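In this text, all values refer to a predicted model and were calculated from it rather than measured experimentally. Chain A is the first sequence line, chain B the second, and so forth, proteins listed ahead of strands; every chain is numbered from 1.
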There are 2 protein chains.
Amino acid sequence: METTFPQPLAMVDTTLFTILHERLCLILARRKEPPEQGELALPGGFVHVQEDVDTEDAARRVIRAKLGFDAPYLEQLYTFSGKDRDTRGWSISVAYYALIPASLLDHSQVAETLPVEDLPKLPFDHDQIVAKAIERLRSKATYSSLPAFLLPEIFTLNDLHGIYQQTQGTRLDKASFRHKIMEQDIIEPIPGQFRTGAHRPAQLYRLTHRALTPFERKI
Amino acid sequence: METTFPQPLAMVDTTLFTILHERLCLILARRKEPPEQGELALPGGFVHVQEDVDTEDAARRVIRAKLGFDAPYLEQLYTFSGKDRDTRGWSISVAYYALIPASLLDHSQVAETLPVEDLPKLPFDHDQIVAKAIERLRSKATYSSLPAFLLPEIFTLNDLHGIYQQTQGTRLDKASFRHKIMEQDIIEPIPGQFRTGAHRPAQLYRLTHRALTPFERKI
DNA sequence: AAATGTTATTTGCAAAATACAAATAAATAG
DNA sequence: CTATTTATTTGTATTTTGCAAATAACATTT
């Protein structure tokens, strides 16, 4: 069955968050082809209907091509569309965002990673996509285990505290944070494992659930 | 410039919420054409690249065609995609949800409105879209002024209390609710206006902001 | 006109959550 | 053995929330 409607272009774009030097960063890609050849932009590409099961599958393919592995956390962000957002024609871009622990990145990847506070003007409507992604990240950081996916699988409560502060962009009381997190039951101590140093050893923790867990909340 | 990639079909689907007899309902449409001709489904249609500025514009067009007016609240929900979700081929559906005060509906529209608890099996992946829409509505009901858009422009605090309970699906303490809402500053009393009856008159209120307002919250 | 029924709104207090400040713990480095 | 450093706990003030009851203001009935 055929439709009589001319169809728009379909693509995906990805916003890849990581934390470097205590700062929230994005992993960008230098565009190999026109338009905007040579410019830094969000990693993305066309949907391949022969190859991709759905757009999330396309996003995974793009991320694998960029990083060489799958992101520990991937979620659909928003869909951007319109006649003018891409010079090639009326287009739909399904945007995804992913959280990548910095420990998984190699040198060349770090070289294309920039703090979100310090990004160049990006091509297409990528600035808008980035703004939306940061907004979503900050928002979910206030009521879910999301920021934990920026850490390696094993971390201390202080690591977690720091990453929540960096993603939320605010200071959080240590004692209250510990209390809140522990009662939410999203992490568990790894028995007998500590990070040592010239100070009291810090208990190591891991996520209790592989997936994102929202906090309970009342109105 | 042309791309070498075969493009998927692009469409929009809309989930239209309203409250009827104190119950959360959806306004459905009977499909006029194949596939699934004659079945109740979410109102939707193809993106018209000649006509629509973007997919939100397409959703507005679909809603206007269905209801005859613009929805007071419209937001992008999620994008559904894949080879098999529509028999016509690999497709992308950008789903939107809207909140419609029941007072705006006419008889024929009410006739195609069903409680969410009592929906028939819907065609395509529309059950999945509905599930996601309800989840989003319930979620935003806990931290924003969203449910207020299901009410007419003027309402009492008890109306608001009821609509929050219906969208959240939980009981909320009246005194706490009033306190919380008033301190969030999302509604304002209309001076001198009351709804009367065989009881103490109820102060009438309106939203202070035309747009959705999230509540302040700490972790 | 007074009593009654009904919903609206406020009040008061107990319980729970959060903020803030400080004390204590446990390691390493010198 | 002491100083230093970060981790973790404790204690208390403050703010939010939950719950129950009291009070308010009208229409309707007696």
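Atom CG of A/D173 is separated from atom C1' of C/dA22 by 12 Å (rounded to the nearest Å). One interatomic measurement links the two molecules: CG of A/L204 to C1' of C/dA27, which rounds to 14 Å at whole-angstrom precision. Between A/H179 atom NE2 and D/dT14 atom P there is a gap of 20 Å when expressed in whole angstrom units. Remark: C1' of C/dT9 and CZ of B/F194 are 11 Å apart, rounded to the nearest angstrom. In this structure, CZ of A/R178 is placed 13 Å from C1' of D/dT10, rounded to the nearest angstrom. Atom NE2 in B/H199 sits roughly 16 Å away from atom P in C/dG5 (whole-Å rounding). Across the protein-nucleic acid pair, B/Q184 atom CD and D/dT15 atom C1' stand 14 Å apart, rounded to whole Å. Going from atom CD1 of B/I181 over to atom P of C/dT9 covers 14 Å, rounded to whole Å.
For A/A175, the listed nucleotide lying nearest its side chain is D/dT10; candidates were D/dT10, C/dT9, C/dT11. When each of D/dT17, C/dC20, D/dC19 is scored by its nearest atom to the side-chain atoms of B/E183, the top-ranked nucleotide is D/dT17. Minimum atom distance to the side chain of B/A198 is reached by D/dT28, of the listed C/dT10, D/dT6, D/dT28. Proximity note for A/K174 (side chain, C-beta onward) versus D/dT17, D/dA25, D/dT8: the nearest is D/dT8.
Taking the six-membered ring for Trp and the full ring otherwise, A/F155 and A/Y205 have centroids separated by 6.0 Å or more.
Not a single salt bridge (charged side-chain N to carboxylate O under 4.0 Å, His left out) links B/D54 to another residue, sequence neighbours left out.
Distances shorter than 4.0 Å separate some side-chain N or O of A/K180 from OP1 or OP2 on C/dT18.
Of the residues near DNA chain C, A/P201 and B/P201, the one whose nearest nucleotide (by heavy atom distance) lies more toward the 5' end is B/P201. Residues A/R200 and B/Q203 both approach DNA chain C. Their nearest nucleotides, taken by heavy-atom distance, put B/Q203 toward the 5′ side.
A salt bridge links B/D127 with B/K121: at least one charged nitrogen is closer than 4.0 Å to a carboxylate oxygen.
In the model, A/Y78 has no side-chain atom that pairs as donor or acceptor with a side-chain atom of B/T79 under 3.5 Å.
Side-chain N/O atoms of A/T196 and base N/O atoms of C/dA27 include no donor-acceptor pair closer than 3.5 Å.
Across all strands, A/R171 comes closer than 4.0 Å only to sugar-phosphate atoms, never to a base (heavy-atom distances).
Residue A/L67 forms a side-chain contact (heavy atoms from CB on, under 4.5 Å) with just one option from A/L104, A/D106, A/L105, and that option is A/L105.
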